Amino acid sequence: MKLESEIRTKYQITIPEEIRVKAKLTVGDTLLWQYDEVHEDIIVMPKPKSFSEKLWGLGKEIWAGEPGDEYIRKERDPW
């Protein structure tokens, strides 16, 4: 999906309706902006209401099938 917005004189833009609806953005939401210098891309994402809820479970596939304490024990044995 490629939609476009024009940068206005005060550097304001309008988020296309299709993006607002899909991202569930509403008036008062905050957006986070980041510039990726390696790929020269602008990254825009909605600021989560709760960072801990947004990150909950991140990387859980790493521990699939192996309890965390067992993994740590294996890592420490060579020390």
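Computed from a predicted structure; not experimentally measured. Every heavy atom of this structure was used, including side-chain atoms; hydrogens, water molecules and symmetry mates were not.
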**Report entry** Ion pair check, Lys74 and Glu70, cut-off under 4.0 Å
**Finding:** no
Query raised in the report: Does atom CD of Glu61 have more than 12 heavy-atom neighbours from other groups under 6.0 Å away?
Result: yes
Query raised in the report: Got a sec: does the CG of Leu55 have more than 12 other heavy atoms crowding it under 6.0 Å?
Result: yes
[X] [atom1] to [Y] [atom2] distance, which is reported to the nearest 0.5 Å:
X: Asp29; Y: Lys49; atom1: CG; atom2: NZ; answer: 4.0 Å
X: Arg20; Y: Thr26; atom1: CZ; atom2: OG1; answer: 11.0 Å
X: Leu25; Y: Leu31; atom1: CG; atom2: CG; answer: 6.0 Å

Would a 4.5 Å heavy-atom cut-off, applied to side chains only, mark [X] and [Y] as touching?
X: Val44; Y: Ile15; answer: no
X: Trp33; Y: Met45; answer: no
X: Glu4; Y: Ile13; answer: no

Report task. Using the rule that two of Ile, Leu, Val, Met, Phe, Trp, Tyr join whenever any of their side-chain heavy atoms come within less than 4.5 Å, decide whether Trp79 and Tyr71 are in one cluster. Result -> no
Report task. Establish whether Ile43 and Phe51 are linked, either directly or via other cluster members, by ILVMFWY side-chain heavy-atom contacts under 4.5 Å. Result -> yes
Report summary line: Residues passing the salt bridge (Lys or Arg N to Asp or Glu O under 4.0 Å) test with Lys10, sequence neighbours excluded, are none
Query - Partners passing salt bridge (Lys or Arg N to Asp or Glu O under 4.0 Å) against Lys24 (at least two apart in sequence or in another chain) - result: none
Query - For the student: nearest non-hydrogen atoms of Pro48 and Leu32, plus distance - result: CD-CD1, 4.3 Å
